[in-house]
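Throughout, protein chains are lettered first and strands after them, A, B, ... in sequence-line order, and every chain is numbered starting at 1.
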Amino acid sequence: MRLSKLFFTTLRDDPADAEMPSHRLLLRAGYVRQLGSGIYSLLPLGFRVNRRVEQIVREEMDRIGCQEMEMPVVHPADVWRASGRYDAVGPEMGRFKDRAGRDMVLAMTHEEVVGLLLADIVRSYRQLPMMVYHFQTKWRDEPRARGGLIRVREFVMKDAYSIDRDEAGLDVSYWAQHGAYVRIFERLGLKTIAVSSDVGMMGGSQAHEFMVLNPAGEDVLVLCEACGYAANRQVAVVPRPDPPQEEPLPLEEIATPGTTTIASLAAFLGIGPERTAKAAFFMTGDGRLVSAIVRGDHEVNETKLFNAVKASGGMRPAQVEEIRAAGMEPGYGSPIGAHDTVVVIDELAARSANLVAGANREGFHNRNVNHGRDFQADIVADLTTAMEGDPCPTCGQPVILRNGIEVGNIFKLGTKYTDAFGATYLGEDGVAHQIVMGSYGIGIGRNVACIVEAHHDDKGIVWPAEVAPYAAHLVSIGAAREPQVAEIAERLHAFSIEAGREILWDDRDESPGVKFTDAELLGMPWILTVSPRSLAAGGVEVTERATGERSTRSIEAVEALIAGG
RNA sequence: CGGGGAGUAGCGUAGCCUGGUAACGCACGUGCUUUGGGAGCACGAGAUCGCGGGUUCGAAUCCCGCCUCCCCGACCA
C-alpha cells in the first residue's frame, strides 16, 4: 500500500479527549475516528488490524471444531420476550419499532437466536456435541462509554455457543474454549489471567473472565501470588476467622450523637469497627427494599447481595425516604423493628455476638445486638468484599488487588435458553432431553486497544507481527536523486503484494524526519529504509520497531523477511 | 442518572472576566530552496465561534434554554 494514497492522516498533537495510551495512539496514528460517544469508525489501518485479530480468533475457533456462521443484528422483540430478557435487561438494550409497528431490538448478544435455531435444527443425540460462532456487531447502550475503544457501545464480538447433551459434555466444550482462548491471547500478545467470575445477565453455573492487568481496568481482581488463585472481586470468597465466642448480653440503647459513619461511631465508643454492624440499603429493579448487614470492618459486595436476593432489573442505592418508609433511620439504621424490607446478613456478622448497631433513631445506637435474638434476617449469605491482604481462600496467604480489563469470557449457560425455546434432542433412550448450552465471547475492538496498551512506547505503537496491519513500513529517501531507490522500493512493494503479506510504502515527498516519525507512530514491526546511503552500505536498512536494532540486508533477505511477516 | 470539566479552522490552543475588525502553532495549497530524524522563505485557502432565544447601536464574550463530548461514580466483550 502506498502511504500517499492511504485513507488516513496522522496528528501531531494529542487529541484533547484521549487519555488512555491506546485511545491517543489509535487516533493520532490514524487507525480510528470517533463518531459519537462509544461509537467509532475503523479507518483502513484499524480495519486491517481488526481483521488480523479476527483471523487469529477464527483459526483457533475452527481448530476446536467451532463452526462459523452469522446471525442478524436486528431481532423481533418476541424472541427476547421468550427468554424473559426483554423485560429483564433494561435501557441497555436498543429498542425500536419497524414500519408495521412491531417491536424490534438491536442484538446485545445471541443466546436467544441460537436457542431458537437449536429448536429448529437439533433432533438427535447423534448431532451433538456442536459449537458455532460468529463475528457480529453488538449494540449495548452502556451508561457511560470510556477509554476510547476499551468500552464502547457498538462493537464487534466473536460470540461462540456450545451445544451439548449434558453437563459433562458442556464441561468438555467449556474447557476446549478455555484452551482456545489461551492460544488466542498468546498469539495476540496479551498476557491474560483467567479469573472466576459472576454469571451476570447471562445466567448459568460457571464462568471465567480473561483479564489483562491494566490500571485503567474496570474490574478489580483478587489475586494470590503464592498459589495463583484468581477471581473477580465480585465473586471472590475470602475466609473470615471465627469471631470471639461470647454470651449474648442484654440489648441496651445508648446515645451516640453525630456518629453516622462506622469510623465516627467506633471512635466515639472507643471500640474496633469489627464490634459494629453496618447497614446498607438498596432498591431492586423489581421494587424491593433490601437491607444488607455486614460487620463494620467490611464492605457490602453488591454483586453478592444482588445474587443473594435473586434481584432482577438491576439494583440501586435506596433513597432516604424509602429507608424511612420501612421504619429505619439512615445513619442509625438496623433491621430491628424494620418492616417491608428484605433483610440480608453477612454470614460473619450473623455469627458475631454483641455488636453495636443503629437504633433507628437519630443519634442513638444499640449495644449487644445479636442476630437471631434481636432480629431475624431473611437471608444469610456471604456479602463481604475482598480487601487487599485478606487471606487467600485456597492457601491462606494474603491476596492482592489489581485492576483488569476483560478481553474475553466463557460461560456455562446450562438450559436457560434451550428451555425458553423448547430446544430438545432425542437421546439413545428414545426420550427427549434438554440441550445444554455454553457461551463464549471476545470483543475484537477491545482486544485491539488492549494490544496497543501492552505494546507501545513514547514514539508510538509497536504491533506484534501477528496483528500488524502491514508486514513492514518501507521508507524511501532520496528517490529524486537516485533512481535506484525508487526502483528497489517499487520492487519490494510489488513483491509484498505478490507474497500476500503487504507492506506499507511511504512514497510521499516528505523529509526523512517526518517519515521516520510517522513510521514509528504507526508501529509496523519492521521499518525498511531504502536510500542512497543504504544502497552504498549494501542494500536496505532494516530496523526492528520493538528494539530499535538496525542492520543492513540484501534485497533478497528483505523479501524473505516480508514473506515471513 | 449523580458529581466535575469542555465545545472557537483538520488537530492543539488564545481571546470570554472587562461586549467593538476572530488570533497563534501545527497540518493544508502554490512556487523556489532543502533532503537520514517532525526543514526554510514567500504567497494563499480554510471558522455562520455547538444550537436556539434574549439583552444591546453592536455578542465568541453578558443572560436563559437545549444539544454534544470528556473525566469520576452506579453497569459489561
Side-chain angles (χ1 to χ4, degrees), chain A residues 8-20 23-24 27-28 30 33-39 57 89-92 108-109 135-138 140-160 181 197-202 209-212 216-219 232 234 282-283 285 302-303 306 313-317 319 405-411 439-450 459 475-482 485 509-521 527 529-534 536-537 541 543 550:
Chain A
F8 94 128
T9 185
T10 57
L11 303 174
R12 190 172 284 205
D13 297 310
D14 286 334
D17 291 348
E19 298 206 343
M20 290 189 71
H23 189 200
R24 185 166 47 80
L27 283 170
R28 272 196 59 201
R33 281 295 182 268
Q34 183 170 11
L35 182 62
S37 183
I39 309 176
V57 173
V89 171
E92 194 178 344
M108 310 174 54
T109 175
F135 295 95
Q136 184 58 284
T137 299
K138 312 295 187 220
R140 296 184 184 179
D141 196 355
E142 301 285 348
R144 184 159 84 83
R146 58 154 63 107
L149 294 200
I150 296 292
R151 181 178 190 69
V152 295
R153 295 191 294 168
E154 182 187 309
F155 61 98
V156 172
M157 179 161 82
K158 180 285 299 178
D159 39 324
Y181 274 39
S197 67
D198 186 48
V199 293
M201 73 166 180
M202 296 299 178
E209 292 165 338
F210 285 76
M211 295 281 190
V212 267
E218 303 178 273
D219 288 271
N232 194 307
Q234 293 177 333
F282 300 88
M283 283 299 293
E302 291 186 31
T303 302
F306 186 85
M315 196 172 73
R316 60 165 173 82
Q319 288 161 2
I405 299 171
E406 184 180 351
V407 289
N409 64 24
I410 55 179
F411 282 96
S439 108
Y440 314 90
I442 291 178
I444 303 303
R446 178 180 286 183
N447 273 269
V448 170
C450 284
K459 293 174 177 159
V475 173
S476 53
I477 297 171
R481 286 175 280 138
E482 175 53 69
V485 167
D509 183 22
E510 283 286 353
S511 73
V514 171
K515 291 187 172 192
F516 287 132
T517 309
D518 277 345
E520 284 156 350
L521 177 61
I527 298 170
T529 309
V530 188
S531 68
R533 187 194 288 184
S534 81
E541 185 180 274
T543 307
R550 295 183 187 193

Peer 1: CD of A:Glu142 versus C1' of B:rC75: gap in Å, rounded?
Peer 2: 7 Å

Peer 1: Taking the side chain as C-beta and beyond, is there a heavy-atom pair between A:Asn409 and A:Ser439 under 4.5 Å?
Peer 2: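 A:Asn409 vs A:Ser439: side chains apart.
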
Peer 1: What distance, rounded to whole Å, do you find between the two C1' atoms, one in B:rC64 and one in B:rC28?
Peer 2: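 After rounding to an integer number of Å, I get 40 Å for this pair.
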
Peer 1: What distance, rounded to whole Å, do you find between the two C1' atoms, one in B:rC63 and one in B:rG19?
Peer 2: 13 Å

Peer 1: May I ask you to say what A:Ala145 touches in the nucleic acid, namely base, sugar-phosphate or nothing, with a heavy-atom cut-off under 4.0 Å?
Peer 2: sugar-phosphate

Peer 1: Quantified in whole Å, what is the P atom distance between nucleotide B:rG65 and nucleotide B:rC72?
Peer 2: 28 Å

Peer 1: CD1 of A:Ile150 versus P of B:rC70: gap in Å, rounded?
Peer 2: 14 Å

Peer 1: Could you run down the sub-3.5 Å N/O contacts of the protein with nucleotides 66-69 of chain B?
Peer 2:
{"from": "B:rC69", "atom 1": "OP1", "to": "A:Ser37", "atom 2": "N", "distance (Å)": "2.8"}
{"from": "B:rC69", "atom 1": "O3'", "to": "A:Gln34", "atom 2": "NE2", "distance (Å)": "3.3"}
{"from": "B:rC69", "atom 1": "O2'", "to": "A:Asp17", "atom 2": "OD2", "distance (Å)": "3.0"}

Peer 1: What nucleic acid atoms does A:Gly147 come within less than 4.0 Å of, heavy atoms only: base, sugar-phosphate, or nothing?
Peer 2: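 Here A:Gly147 touches the backbone only, sparing every base.
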
Peer 1: Partner of B:rC1 by Watson-Crick or G-U wobble geometry, both contacts under 3.5 Å, or none?
Peer 2: B:rG73

Peer 1: Looking at A:Arg24 and A:Glu19, would you say the former's side chain and the latter's main chain have a donor-acceptor pair under 3.5 Å?
Peer 2: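 No: the side chain of A:Arg24 does not pair with the backbone of A:Glu19.
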
Peer 1: Main chain of A:Gly441, side chain of A:Tyr181: is a donor-acceptor contact present, judged purely on distance under 3.5 Å?
Peer 2: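 Side chain of A:Tyr181 to backbone of A:Gly441, a donor-acceptor pair under 3.5 Å: yes, one is there.
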
Peer 1: What is the separation between atom CD on A:Glu406 and atom P on B:rA77, rounded to the nearest whole Å?
Peer 2: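 Value for this atom pair: 5 Å.
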
Peer 1: Could you give the distance separating B:rC26 and B:rC16 at their C1' atoms, to the nearest angstrom?
Peer 2: 24 Å

Peer 1: Across all strands, who's sitting opposite B:rC41 as a Watson-Crick or G-U wobble pair, both distances under 3.5 Å?
Peer 2: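 Check on B:rC41: paired to B:rG31, both distances under 3.5 Å.
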
Peer 1: Quick one: is B:rC71 close enough that its OP1 or OP2 comes under 4.0 Å of any side-chain N or O from A:Arg144?
Peer 2: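 A:Arg144 to B:rC71 OP1/OP2: side-chain N or O found under 4.0 Å.
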
Peer 1: In whole Å, measure the gap between the P atoms of B:rC70 and B:rU8 for me.
Peer 2: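 After rounding to an integer number of Å, I get 14 Å for this pair.
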
Peer 1: Taking only the C1' atom of each, what is the distance from B:rA59 to B:rG3 in whole angstrom?
Peer 2: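 Those two atoms are separated by 31 Å.
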
Peer 1: With the side chain counted from C-beta on, respond yes when A:Glu406 and A:Asn232 share a heavy-atom pair under 4.5 Å apart, and no when they do not.
Peer 2: no

Peer 1: Verify, without hydrogens or angle tests, whether A:Gln34 (side chain) and A:Gly36 (backbone) share a donor-acceptor contact under 3.5 angstrom.
Peer 2: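 Here the side-chain-to-backbone pair exists.
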
Peer 1: Ignoring hydrogens and angles, tell me if any N or O in the side chain of A:Arg28 forms a donor-acceptor pair with the backbone of A:Thr10 under 3.5 Å.
Peer 2: no

Peer 1: Would you kindly give the CE-to-C1' distance between A:Met315 and B:rA74, to the nearest whole Å?
Peer 2: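 To the nearest whole Å, that distance equals 10 Å.
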
Peer 1: Once each nucleotide of nucleotides 25-38 of chain B is scored for protein heavy atoms under 4.0 Å, what B/S/- sequence comes out, 5' to 3'?
Peer 2: BSS-------SBBB

Peer 1: Paired with B:rC17 by Watson-Crick or G-U wobble geometry, both distances under 3.5 Å: which nucleotide is it?
Peer 2: none

Peer 1: Can you check the A:Gln319 CD to B:rC1 C1' distance for me, whole Å?
Peer 2: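 Atom-to-atom, A:Gln319 to B:rC1, this comes out as 11 Å.
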
Peer 1: Could you tell me if the side chain of A:Thr543 sits less than 4.5 Å from the side chain of A:Phe516, heavy atoms only?
Peer 2: no

Peer 1: Can you find a heavy atom in the side chain of A:Arg533 that is under 4.5 Å from one in the side chain of A:Glu541?
Peer 2: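 With C-beta onward as the side chain, the pair stays apart.
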
Peer 1: Is any side-chain heavy atom of A:Lys515 closer than 4.5 Å to one of A:Ser476?
Peer 2: yes

Peer 1: After noting the C-alpha distance and the side-chain angles of A:Arg33 and A:Leu27, does the key distance pass the side-chain contact (heavy atoms from CB on, under 4.5 Å) rule?
Peer 2: CA-CA 6 Å; A:Arg33 281 295 182 268; A:Leu27 283 170; 4.1 Å; yes

Peer 1: For the pair made of CZ in A:Arg151 and C1' in B:rA74, what is the distance, rounded to whole Å?
Peer 2: 11 Å

Peer 1: Got a second to check how far A:Glu209's CD is from A:Gln234's CD, nearest 0.5 Å?
Peer 2: 6.5 Å

Peer 1: In the strands shown, is B:rC66 matched to any nucleotide by a Watson-Crick or G-U wobble pair with both distances under 3.5 Å, and which?
Peer 2: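 Result: B:rG50.
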
Peer 1: Between B:rA60 and B:rA23, how far apart are the C1' atoms? Round to whole Å, please.
Peer 2: 12 Å

Peer 1: Determine which nucleotide pairs with B:rG25, using a 3.5 Å limit on both distances of a Watson-Crick or G-U wobble pair.
Peer 2: B:rC11

Peer 1: Test your reading of the model: is there a side-chain donor-acceptor pair from A:Lys158 to the backbone of A:Ile444, 3.5 Å cut-off?
Peer 2: no

Peer 1: Could you pick out which residue, A:Val407 or A:His23, lies toward the 5' side of RNA chain B when each is mapped onto its nearest nucleotide?
Peer 2: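 In this pair, the answer is A:His23.
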
Peer 1: Between B:rG40 and B:rG4, how many Å separate the two C1' atoms, rounded to a whole number?
Peer 2: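 About 45 Å, rounded to a whole number of Å.
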
Peer 1: Please classify the nucleic acid contact of A:Asp159 as base, sugar-phosphate, or nothing, using heavy-atom distances under 4.0 Å.
Peer 2: nothing

Peer 1: Between B:rC72, B:rC11, B:rC75, which one does the side chain of A:Pro15 approach most closely?
Peer 2: B:rC11

Peer 1: Could you check how far CG of A:Asn447 sits from P of B:rA77, rounded to whole Å?
Peer 2: 13 Å

Peer 1: Partner lookup for B:rG58, please. Criteria are Watson-Crick or G-U wobble with both distances under 3.5 angstrom; report none if nothing qualifies.
Peer 2: none

Peer 1: Within this structure, what is the CZ-to-C1' distance between A:Arg316 and B:rG73, rounded to whole angstrom?
Peer 2: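 Rounded to whole Å, this separation is 16 Å.
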
